Amino acid sequence: MKTSCLASALLLLAGLVSCNSAREAVTVETYSLSSPDGTLQMEFTLDDEGVARYSLTADGTPILNPGRLGFELRGTVKAREIDFDDPALPKSDSSPCYFFDRDFVVTGTDTCSFDETWSPVWGEESSIRNHYNELLVHLVQKETSRLLDIRFRLFDDGLGFRYEFPQGGDLVYFVIKEELTEFAMASDYTAWWIPGDFDSQEYEYEVCRLSEIEANFMNNMRGNDSQTFFSKSGVQTSLQMKGDEGYYVNIHEAALVDYPCMHLLVDGKTHTLRSFLTPDAQGWKGYMQTPCNTPWRTVQVARSATQQLASRLVLNLNEPCAIEDVSWIHPVKYMGVWWEMIAGAGSWSYTDVPSVKLGSIDYSQSEPHGRHSANNDNVRKYIDFAAEHGFDAVLVEGWNIGWEDWANCSKDYVFDFVTPYPDFDIDALNAYAHSKGLRLVMHHETSSSVRNYERHLEKAYSLMNEYGYDAVKSGYVGDILPRGEHHYGQWMVNHYLYAVTEAARHHVMVNAHEAVRPTGLCRTYPNLIGNESAMGTEYQAFGGIQPKHTTILPFTRLNGGPMDYTPGIFEQNLKEWCGNDSHVNATIANQLGLYVTMYSPLQMAADTPEHYSRFMDAFQFIKDVAVDWEESRYLCAEPGDYVIIARKAKGTGEWFCGGVTDENAREFDIPLGFLPEGTFTAKVYADAPDAHYLTNPQAYSITEQTVSSADSLHVRMAPGGGFAISFEACK
């Protein structure tokens, strides 16, 4: 690690006078910062009204025009004024809201340069370089003496900045009404986006110009158990964009801690994006106590789509690992009693009783309905199959009592997370799994009753320790309890991290579904081994997903951390299998490619043993492919069209390559320069010539050929298709 003071050339302070009109001249203070390679240039300015702005250029090309910085704050921490003349006796704030974005003066600046290489516990590579130049601007609001620092870090691949509220001055406890941060895009970028929603990220992506977002807001709208929109011009991060000049720009946030999740409000006329924080039940955006800071706002800039995929800016803006002993954290390849229930072939519940009160219902006296999937025989079947084929674990959903009336009942005491149904023998099944060399993965669906989960959390994690479970899949389906809070508000952001840190005390890894989208916190807390936080494979059983979806997610959702996408569906015709009218819009070769293109150290083979047994030659790739990587090469990519990635397995040095495409067939000659010296047998799992995701999804071919790093491999991907390749050194 190397830290040094920047040369004065990196920081330029100048008093500039420019004529804004014939009547007045404005003095602007300008502070400039360059990226380590000199290709990116950031400018911070303060005009004569004390308004702070920043801008960004790449190789002299404007990326961000000057965008405003600052806040609108609540006048008091709470409402104290009671109106006794009003029969309702309402309360109101004793002081009005005020703007904390003007009347600033610069009291000083600090600069530094930082260069380190760090090793993640797991990841897409075994080492990551963290190299940036930094500018810290100290501001004071003249009339109020309130202090604000803004810290900018400029990397070769983009900009990160955050607000810091130091102690001193007149700001101690305060409430945010609005964060006014602007990302003033220099042109009408093409954007890949999903609707801004305080409670769900489970949407397919729309692609259009920034100026067209409002008109296209309803295009990919789908229902969800919890949805709260704020504007037809609202979108979520990570927002991937592309300019006509060829730059790929991504807006996101890093290190989201004790603060609400940021959305973006798009001004289609000016192409300016403004931060829009998730509110609490009263409509306020954040409760703060100095000293404190916001998450980092990130602006990644890449010259190609593959460079965007290779960016580690979001991870680099997070704090180093906070867990001293990480020996218990490990990647997991698993199967699960899950897909059959998602598709409708089974059920989470045990009986048909319409109302359950835990503590009073006696399930041993209840008549089972016969569709419960988490039963002893079925779970043993999954354990046998997973053990036979070298998997690490089996997830079992629906094992615990309470599933009869768990959803959409606004129910507080919905689960206890420790009591199994009568047909799930937790002692015997756990012992059986361990005898086969694998573990069970615990499932904690909270039904978004957060107080209930926290009251049971210690007992639930202790139960896992007792039986040797070391990973949990948690879920937050439905509206949040306490009522009025949102999935992505400050209160819930703090809960998600509390669950992760408490899990770390118990040496438990967490895979959280329906939680806030990741912002790189897996660097600090690597037991956060997976998240859903986007539309995953389950929606193939809820009406289907467009093939382009998985060519966009690596640029957006995966920008902040790995996704438990649950790939590997081999039976696409759900109607013939279980009467579900949905169709899985992917070929088998596409599903294999996802194991390389959709990075996760927690990777599931999501289909059933029966379906895999019909295609054991294709299933071999799922058995062989690694889940932890030493190196990744992003070979060909374009969001919404295709993604092709090669990865080197950590430990073994084996290489794998995978690709997926949208609804269009594509052909590529893949250069194999990533291979080391020598010759290799390339085993290619590809779409058959007549494969098609709608009409012939199970048509594939498996071929082998001898190759070296000097060669190229020709591959063809069918509509909705893909490919996967494993490389084995020739002896």
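Since the model is a prediction, treat every value here as computed from it, not as a measurement.
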Enquirer: Under 3.5 Å, is there a donor-acceptor pair between the side chain of E404 and the main chain of V353?
Expert: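 Not confirmed, E404 side chain does not pair with V353 backbone.
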Enquirer: Taking the six-membered ring for Trp and the full ring for Phe, Tyr or His, determine whether the centres of Y453 and F417 are under 6.0 Å apart.
Expert: yes
Enquirer: Please find the pair of heavy atoms, one from P62 and one from A186, that lie closest to each other, and give the distance.
Expert: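 For P62 versus A186, the nearest heavy atoms are O-CB, 3.4 Å.
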Enquirer: Y132: which residues meet the ring-ring contact (aromatic ring centres under 6.0 Å, His included) condition with it, sequence neighbours left out?
Expert: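 ring-ring contact (aromatic ring centres under 6.0 Å, His included) check on Y132 returns F114, F155.
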Enquirer: Does any pair with a residue in residues 267-283 pass salt bridge (Lys or Arg N to Asp or Glu O under 4.0 Å), and if so which ones, sequence neighbours excluded?
Expert: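 As it turns out, the salt bridge (Lys or Arg N to Asp or Glu O under 4.0 Å) pairs with a partner in residues 267-283, which skip direct neighbours, are E178-R274.
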Enquirer: Any donor and acceptor pair, going by atom type alone, linking the side chain of R80 with main-chain N or O of S94 inside 3.5 Å?
Expert: no
Enquirer: I'd like to know if the side chain of Q300 pairs up with that of H252 as donor and acceptor (distance under 3.5 Å, no hydrogens or angles considered).
Expert: no
Enquirer: Are R517 and Q236 close enough that a side-chain donor and a side-chain acceptor fall under 3.5 Å?
Expert: yes
Enquirer: Any side-chain heavy-atom pair from S226 and H487 closer than 4.5 angstrom?
Expert: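 SC-SC contact between S226 and H487 confirmed.
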Enquirer: Y488 vs H263 aromatic rings, parallel, tilted or perpendicular, using cut-offs 30° and 60°?
Expert: tilted
Enquirer: Looking at D412 and R455, is there a salt bridge between them, counting it only when a charged N and a carboxylate O are closer than 4.0 Å?
Expert: yes
Enquirer: Tell me every residue that passes ring-ring contact (aromatic ring centres under 6.0 Å, His included) with Y173, counting only those two or more places apart in sequence or in another chain.
Expert: none
Enquirer: Which heavy-atom pair separates L521 from L256 by the least distance, and what is that distance?
Expert: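 Closest approach of L521 to L256: CD1-O, 3.4 Å.
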Enquirer: Residues in side-chain hydrogen bond (donor to acceptor under 3.5 Å, both in side chains) with W193, at least two apart?
Expert: none
Enquirer: Within the distance-only criterion (no hydrogens, no angle test), does the side chain of Q141 pair as donor or acceptor with the backbone N or O of R102 below 3.5 angstrom?
Expert: yes
Enquirer: Side-chain donor-acceptor pair under 3.5 Å between S238 and N250, yes or no?
Expert: yes
Enquirer: Can you check whether A512's main-chain N or O pairs, donor with acceptor, with N531's side chain at less than 3.5 Å?
Expert: yes
Enquirer: Passes side chain to side chain donor-acceptor pair (under 3.5 Å), D225 versus N408? Steps please.
Expert: CA-CA 7 Å; D225 275 337; N408 300 314; 3.2 Å; yes
Enquirer: Sort and list the pairs that fulfil salt bridge (Lys or Arg N to Asp or Glu O under 4.0 Å) and have at least one residue in residues 193-208, not counting sequence neighbours.
Expert: E204-R222
Enquirer: Considering only residues two or more places apart or on different chains, which pairs with a residue in residues 474-500 satisfy salt bridge (Lys or Arg N to Asp or Glu O under 4.0 Å)?
Expert: none
Enquirer: Would the Y496 and Y476 ring centres measure less than 6.0 Å apart?
Expert: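 Ring centres of Y476 and Y496 closer than 6.0 Å.
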Enquirer: Determine which pairs satisfy salt bridge (Lys or Arg N to Asp or Glu O under 4.0 Å) with at least one residue from residues 251-263, sequence neighbours left out, and list them in order.
Expert: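 Those involving residues 251-263 are E253-R297.
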Enquirer: Using modelled atom types and a 3.5 Å cut-off, is there a donor and acceptor pairing between side-chain atoms of T298 and backbone atoms of V314?
Expert: no
Enquirer: Please name the pair of heavy atoms, one in W192 and one in V207, separated by the smallest distance, quoted to 0.1 Å.
Expert: NE1-CG2, 3.6 Å
Enquirer: Quick check: closest heavy atoms across G402 and V356, and the distance to 0.1 Å?
Expert: CA-CG1, 4.4 Å
Enquirer: Taking all atoms of both residues into account, what is the closest heavy-atom pair of N224 and Y539, and its distance?
Expert: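 Looks like ND2-OH, 3.1 Å.
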Enquirer: Spell out, as yes or no, whether a donor-acceptor pair under 3.5 Å connects the side chain of S448 to the backbone of V477.
Expert: yes
Enquirer: Tell me, please, which residues at least two apart from D149 pass side-chain hydrogen bond (donor to acceptor under 3.5 Å, both in side chains).
Expert: H138
Enquirer: So, do M442 and L463 sit near enough that their side-chain heavy atoms are less than 4.5 Å apart?
Expert: yes
Enquirer: Determine whether a donor-acceptor pair (N or O, by modelled atom type, separation under 3.5 Å) exists between the side chain of S275 and the backbone of E179.
Expert: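 Side chain of S275 to backbone of E179: a pair is present.
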Enquirer: Just checking, is any N or O donor in the side chain of R162 or Y259 under 3.5 Å from an acceptor N or O on the other one?
Expert: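 No, Y259 and R162 have no side-chain donor paired with an acceptor closer than 3.5 Å.
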Enquirer: Taking NZ, NE, NH1 and NH2 as the nitrogens, is one of them in D47 or R53 under 4.0 Å from a carboxylate oxygen of the other?
Expert: yes
Enquirer: For the rings on F71 and Y163, is their centre-to-centre separation under 6.0 Å?
Expert: yes
Enquirer: Here's one to test your reading of the geometry: is the NZ or CZ of K285 within 45 degrees of the ring axis of F276 and under 6.0 Å from its centre?
Expert: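 Cation-pi check for K285 and F276: passes.
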Enquirer: Would a distance-only check, ignoring hydrogens and angles, find a side-chain to backbone donor-acceptor pair under 3.5 Å from T446 to G475?
Expert: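 The answer is yes, because a donor-acceptor pair under 3.5 Å joins these two groups.
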Enquirer: Who pairs with Y189 by ring-ring contact (aromatic ring centres under 6.0 Å, His included), at least two apart in sequence or on another chain?
Expert: none
Enquirer: Between W296 and G160, is there a donor-acceptor pair closer than 3.5 Å when you use the side chain of the first and the backbone of the second?
Expert: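 No, W296 side chain to G160 backbone: no donor-acceptor pair under 3.5 Å.
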Enquirer: Kindly indicate, with the supporting measurements, whether the criterion side chain to side chain donor-acceptor pair (under 3.5 Å) is fulfilled by E454 and H495.
Expert: CA-CA 8 Å; E454 290 189 353; H495 163 77; 2.7 Å; yes
Enquirer: List the steps and the verdict of salt bridge (charged side-chain N to carboxylate O under 4.0 Å, His left out) for E397 and K473.
Expert: CA-CA 9 Å; E397 294 198 10; K473 174 184 175 180; 2.6 Å; yes
Enquirer: For H549, give me all partners under ring-ring contact (aromatic ring centres under 6.0 Å, His included), at least two apart in sequence or on another chain.
Expert: Y205
Enquirer: Who passes salt bridge (Lys or Arg N to Asp or Glu O under 4.0 Å) against E319, sequence neighbours left out?
Expert: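 Here no residue qualifies.
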Enquirer: Going by the rule side-chain hydrogen bond (donor to acceptor under 3.5 Å, both in side chains), which residues pair with R505 if we only count those two or more places apart in sequence or in a different chain?
Expert: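 Per chain and number, R505 pairs via side-chain hydrogen bond (donor to acceptor under 3.5 Å, both in side chains) with E458, E502.
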Enquirer: Could you tell me whether the side chain of Y54 and the main chain of E182 form a donor-acceptor pair under 3.5 Å?
Expert: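 Checking the backbone N and O of E182 against the side chain of Y54, a donor-acceptor pair under 3.5 Å is found.
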Enquirer: Tell me the closest heavy-atom pair linking V418 and K459, and the distance in Å.
Expert: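 Here V418 and K459 meet closest at CG1-O, 3.9 Å.
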Enquirer: Can the ring centroids of F165 and F174 be said to lie less than 6.0 angstrom from one another?
Expert: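 Judged by ring-centre distance (under 6.0 Å), F165 and F174 do meet the cut-off.
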Enquirer: For K177, I'd like to know if atom NZ has over 12 heavy atoms of other residues, nucleotides or ligands within 6.0 Å.
Expert: no
